[in-house]
Amino acid sequence: MVRFRAVRVKALAKINLSLRVLHRRPDGYHELRTVFQTISLADEISLRFRAQARTTVCDESSLRLEGNLAVRAAQAVLEALGVCGEVRLNLRKRIPMGAGLGGGSSDAAAVLMALPFLLRRELPRETLAGLAAGLGSDVPYFLLGGTALGLSRGEELYPLPQLPSCYGLLLTPPIHVSTATAYQALCRDLELMSAQEYSLRSWGLSKQATLEQWAPFCTNDFEPAIFARHPELGHLHEKMRRAGAVIARMTGSGSAIYGLFASREAARQAARRFRETPHFLFRTINKPQYDRIWAKSFHA
Ligand code: C5P
């Protein structure tokens with residue numbers, strides 16, 4: 001009998017430090033300007049593979065995830081490599097879904113990176129990026145990690161000078177926001193902002209700025225529409241600000257609210273004010289740390 005090969009990897013979550021949504025494009029997607037940041041909250045995925053005459057991919061965690069992106073990622077990798085076999089995935093979900101933390105996208109990117117490793121084959125970076133973009137707008141970011149600029153529909157990425165390591169508090173109330181519905185709810189005036197203008201601003205900030213200097217740049221265009229629909233999120237955002245967060249924002253199209261603090265102790269103290277709301281303490285993960293986490297998984 002052919003034995004399984006196995007690997008266990010972490011799929012980390014992201015927050016958007018800044019998220020500007022511009023016009024709706026002819027392909028139906030919106031033009032974005034965003035700064036992504038990896039955080040320490042993570043899912044855990046075990047992947048097993050054995051060569052078989054026919055390809056089957058099953059998610060043993062039976063989470064019944066809607067349009068399971070991790071399963072689709074595994075199918076895409078096998079197809080791209082022209083390999084047939086049995087893949088078994090087991091997802092230990094810690095990143096809440098429908099929260100704007102990119103959990104499903106990160107799981108998918110983790111499978112895109114881990115499965116070729118398991119097969120002892122390599123996929124060129126451009127092929128991986130193409131597969132990632134086909135799975136979802138946020139998936140390519142997780143091939144990169146750290147502090148990164150996202151343009152176009154979010155899949156055009158540039159690493160930025162990394163945000164200094166800092167601590168944060170994440171509120172994850174049980175509200176599921178559908179990304180597509182959030183975009184539809186925007187109905188805002190078209191705003192002209194060139195990619196160059198945004199890129200220069202974020203590049204300049206990340207080179208030398210403190211959290212305080214970042215704060216005015218950190219806006220999220222989804223907040224007004226989402227807070228109008230879910231006033232409790234607006235209240236949590238305000239409470240986070242009053243709890244001393246240097247930057248307090250909603251991430252992605254919601255519903256999670258994060259706060260970044262001057263110290264770990266300040267984040268811990270703030271957490272005491274949110275006993276009734278599901279929450280996590282986290283730290284930001286820069287690009288070298290992200291790469292080390294991946295290297296460690298493969299080494300193990
Ligand atoms: O790419 P993804 O599958 O994550 O997008 C989900 C939905 O969110 C899209 O079908 C689209 O309606 C909306 N979207 C958008 N503009 C983007 C990203 C997503 O309008 N840049």
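Every value quoted in this text rests on a predicted model; they were computed, and no experiment measured them. Computed over heavy atoms, backbone and side chain alike; hydrogens, waters and symmetry mates excluded. Every number for a ligand or one of its atoms is a count from 1 in the order of the listing.
- Taking a heavy-atom cut-off of under 4.0 Å, ligand 1 is surrounded by Gly28, Tyr29, His30, Leu32, Gly136, Ser137, Arg153, Thr179, Ala180, Tyr183.
- For Arg8, the salt bridge (charged side-chain N to carboxylate O under 4.0 Å, His left out) criterion is met by Glu44, not counting sequence neighbours.
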Legend entry - Stepwise side chain to side chain contact (heavy atoms under 4.5 Å, CB included) check, Val87 with Thr56: CA-CA 6 Å; Val87 179; Thr56 50; over 6 Å; no
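- Salt-bridge check for Arg88 with Asp59: failed, with every basic side-chain N at 4.0 Å or more from each acidic carboxylate O.
- The side-chain contact (heavy atoms from CB on, under 4.5 Å) search around Ala114 returns Val7, Val9, Leu47, Trp294, Phe298, not counting sequence neighbours.
- Not counting sequence neighbours, the partners of Glu126 by the side-chain contact (heavy atoms from CB on, under 4.5 Å) test are Pro124.
- Of the residues Trp203, Phe217, Tyr158, the one that meets the ring pair (Phe, Tyr, Trp, His ring centres under 6.0 Å) test with Tyr198 is Phe217.
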